[in-house]
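In what follows, a structure is listed as structure tokens, so that the remarks can point back to it.
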There are 2 protein chains.
Amino acid sequence: MDKQPSNTLSRILAYAEQECQARSLRLTPVRRRVLEMLVKHKHPVSAYQLLDELVEEGHKPAPPTVYRALDFLLEQGFIHRLATQNNYVACMHLGARHMGVFLVCKRCKKTVELLGENVRDTLTELADKNQFSLEEALVEVNCLCLPCRRQSEREQP
Amino acid sequence: MDKQPSNTLSRILAYAEQECQARSLRLTPVRRRVLEMLVKHKHPVSAYQLLDELVEEGHKPAPPTVYRALDFLLEQGFIHRLATQNNYVACMHLGARHMGVFLVCKRCKKTVELLGENVRDTLTELADKNQFSLEEALVEVNCLCLPCRRQSEREQP
DNA sequence: GTCTTAAACGTTATATCATAACATACGATA
DNA sequence: TATCGTATGTTATGATATAACGTTTAAGAC
Ligand SMILES: [Zn+2]
Ligand SMILES: [Zn+2]
Ligand SMILES: [Zn+2]
Ligand SMILES: [Zn+2]
């Protein structure tokens with residue numbers, strides 16, 4: 001399990017604050033709260049799961065509230081969306097806008113985000129060859145993590 | 001626009017038939033019909049669009065019928081799913097099981113499937129470094145195709 | 001041929017994910 | 001403080017996908 005130092009949350013929030021200032025955008029309470037929840041979770045989570053947590057806190061938001069916050073955070077590159085899982089996850093790589101490359105264990109759903117600059121280069125080249133220009137990309141790798149692989153071997157030798 | 005020779009359909013269906021025989025599986029009428037529809041479409045299409053077409057033909061299937069056929073075709077590698085689009089598309093690369101690499105124009109939705117063996121190698125290596133083993137992967141590249149790029153330039157110079 | 005059985009399919013209902021549309025509140029700035 | 005664009009609240013609905021269960025079908029055993 002990844003450790004998550006207590007200052008990671010504040011580092012990410014501070015970074016988001018700063019970027020929003022620089023872009024003349026507002027990290028409103030809802031947006032900030034959603035980002036905070038995503039950072040605190042270790043796994044990617046669904047929009048409705050975030051919604052439920054907001055409800056438990058006393059807010060009474062409807063789905064559009066959460067989706068609008070997610071859309072904002074996605075646009076600013078603060079979070080990523082895992083399309084095969086219908087889940088959202090905070091970006092842990094501050095500083096540079098990048099495409100997400102995700103390793104997802106299909107058994108326990110443990111997820112690792114890589115920067116994958118070399119993947120991007122390969123894809124840009126492939127796109128160019130086909131007269132497409134890469135805007136952004138989603139790479140989701142369905143995997144087995146080491147513990148799950150061992151578990152599988154034990155079950156089916 | 002890609003041309004689609006009239007024999008493409010029969011080639012793909014014959015291949016699917018043959019593979020199913022070899023794997024002791026059945027390419028039932030529904031499965032065959034769904035594969036046929038996917039091949040005939042030039043763009044990826046949604047499950048409900050396929051459902052509507054089946055209804056127009058006189059069948060009266062419910063969603064599970066289509067989804068079960070799609071699941072089968074996905075498992076056999078005859079089609080791919082584009083998770084960011086919630087769409088399904090026939091595989092045009094007969095013969096070898098492979099991961100899908102898709103260039104998708106974000107403006108006109110024109111889609112090209114590449115084999116991308118080098119992408120696979122890169123991803124396998126990245127997974128290994130992180131103690132994940134690659135099972136399969138989805139690569140969707142959000143692009144602008146050449147015509148749409150020119151169109152955009154014309155609109156916003 | 002009939003029996004057995006697993007796979008496939010039909011059917012109904014429901015779960016899950018996401019957005020349209022419109023009203024209200026807020027916040028910057030003139 | 002008046003104005004205007006942005007953000008949020010609220011209600012309803014659209015779009016995608018699956019659970020559960022009963023029936024049919026096809027293939028092999030006898
Ligand atoms: Zn990231
Ligand atoms: Zn795992
Ligand atoms: Zn393919
Ligand atoms: Zn295009």
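Letters A, B, ... mirror the listed sequences (proteins, then strands); counts begin at 1. Everything quoted here is computed from the prediction, not taken from an experiment.
- Without hydrogens or angle criteria, B/Arg32 side chain to B/Leu13 main chain gives no donor-acceptor distance under 3.5 Å.
- Within the structure, every side-chain polar atom (N or O) of A/Tyr67 is placed at least 4.0 Å from both OP1 and OP2 of C/dT19.
- The backbone N or O of A/Lys109 lies less than 3.5 Å from a partner atom in the side chain of A/Thr111, making a donor-acceptor pair.
- Phosphate proximity of C/dC17 to A/Tyr48: absent, as no side-chain N or O sits under 4.0 Å from OP1 or OP2.
- Side-chain atoms of A/Arg149 come within 3.5 Å of backbone N or O of A/Leu144 as a donor-acceptor pair.
- Look at A/Arg31 and you'll find a side-chain N or O under 4.0 angstrom from OP1 or OP2 of D/dA7.
- The CG atom of A/Leu51 sits 14 Å away from the P atom of C/dT19 (whole-angstrom rounding).
- To the nearest angstrom, C1' of D/dA17 lies 17 Å from CD of B/Gln49.
- The distance between atom CD of B/Gln21 and atom C1' of D/dA27, rounded to the nearest whole Å, is 14 Å.
- In this structure, A/Tyr88 and B/Phe72 both approach DNA chain C, and ranking their closest nucleotides by distance from the 5' end singles out B/Phe72.
- In this structure, CZ of B/Arg26 is placed 9 Å from C1' of D/dA27, rounded to the nearest angstrom.
- Remark: B/Arg81 is in phosphate contact with D/dA17, judged by side-chain N or O atoms under 4.0 Å from OP1 or OP2.
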Set out, line by line, the N/O atom pairs under 3.5 Å between protein and nucleotides 10-13 of chain C.
{"unit_1": "C/dG10", "atom_1": "OP2", "unit_2": "B/Thr65", "atom_2": "OG1", "d": "3.2"}
{"unit_1": "C/dG10", "atom_1": "N7", "unit_2": "B/Arg68", "atom_2": "NH2", "d": "2.6"}
{"unit_1": "C/dG10", "atom_1": "O6", "unit_2": "B/Arg68", "atom_2": "NH1", "d": "3.1"}

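- Salt-bridge check for A/Lys106 with B/Glu136: failed, with every basic side-chain N at 4.0 Å or more from each acidic carboxylate O.
- Residues B/Val119 and B/Leu82 fall into different hydrophobic clusters, defined by Ile, Leu, Val, Met, Phe, Trp and Tyr side chains chained together at heavy-atom separations under 4.5 Å.
- Counting to the nearest Å, the P atom of D/dA7 and the CG atom of A/Leu27 are 11 Å from each other.
- Remark: side-chain polar atoms of B/Arg23 are paired, donor with acceptor, to backbone N or O of B/Gln76 under 3.5 angstrom.
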Listing, residues 92-104 of chain B side-chain donor-acceptor contacts under 3.5 Å, not counting sequence neighbours, or none:
{"unit_1": "B/His93", "atom_1": "ND1", "unit_2": "B/Glu113", "atom_2": "OE2", "d": "3.4"}
{"unit_1": "B/Arg97", "atom_1": "NH2", "unit_2": "B/Glu75", "atom_2": "O", "d": "2.2"}
{"unit_1": "B/His98", "atom_1": "ND1", "unit_2": "B/Ala96", "atom_2": "O", "d": "2.7"}
{"unit_1": "B/His98", "atom_1": "NE2", "unit_2": "B/His80", "atom_2": "NE2", "d": "3.3"}
{"unit_1": "B/His98", "atom_1": "NE2", "unit_2": "B/Glu113", "atom_2": "OE2", "d": "2.9"}

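- The shortest distance between the side-chain N/O atoms of B/Ser46 and the OP1/OP2 oxygens of D/dA15 is not below 4.0 Å.
- Regarding B/Asp71, its CG atom lies at a distance of 10 Å from the P atom of D/dA17, rounded to whole Å.
- Each of B/Arg33, B/Lys40, B/His41 was compared with B/Glu53 under the side-chain hydrogen bond (donor to acceptor under 3.5 Å, both in side chains) criterion, and only B/His41 meets it.
- Dashed line: the shortest gap from a side-chain N or O of A/Asn86 to OP1 or OP2 of D/dT16 is not under 4.0 Å.
- Atom CG of B/Asn87 is separated from atom P of C/dA18 by 15 Å (rounded to the nearest Å).
- Between the A/Ser24 side chain and the A/Ala22 main chain, no donor and acceptor come within less than 3.5 Å of each other.
- Between the CG atom of B/Leu25 and the C1' atom of C/dA7 there is a distance of 11 Å, rounded to whole Å.
- If one axis is set at each end of the helix from C/dG1-D/dC30 to C/dA30-D/dT1 from five pairs, those axes are 30° apart, to 10°.
- For the pair A/Cys91 and A/Gly77, the tightest heavy-atom approach, listed with the atom from each and the gap, is CB-O, 4.0 Å.
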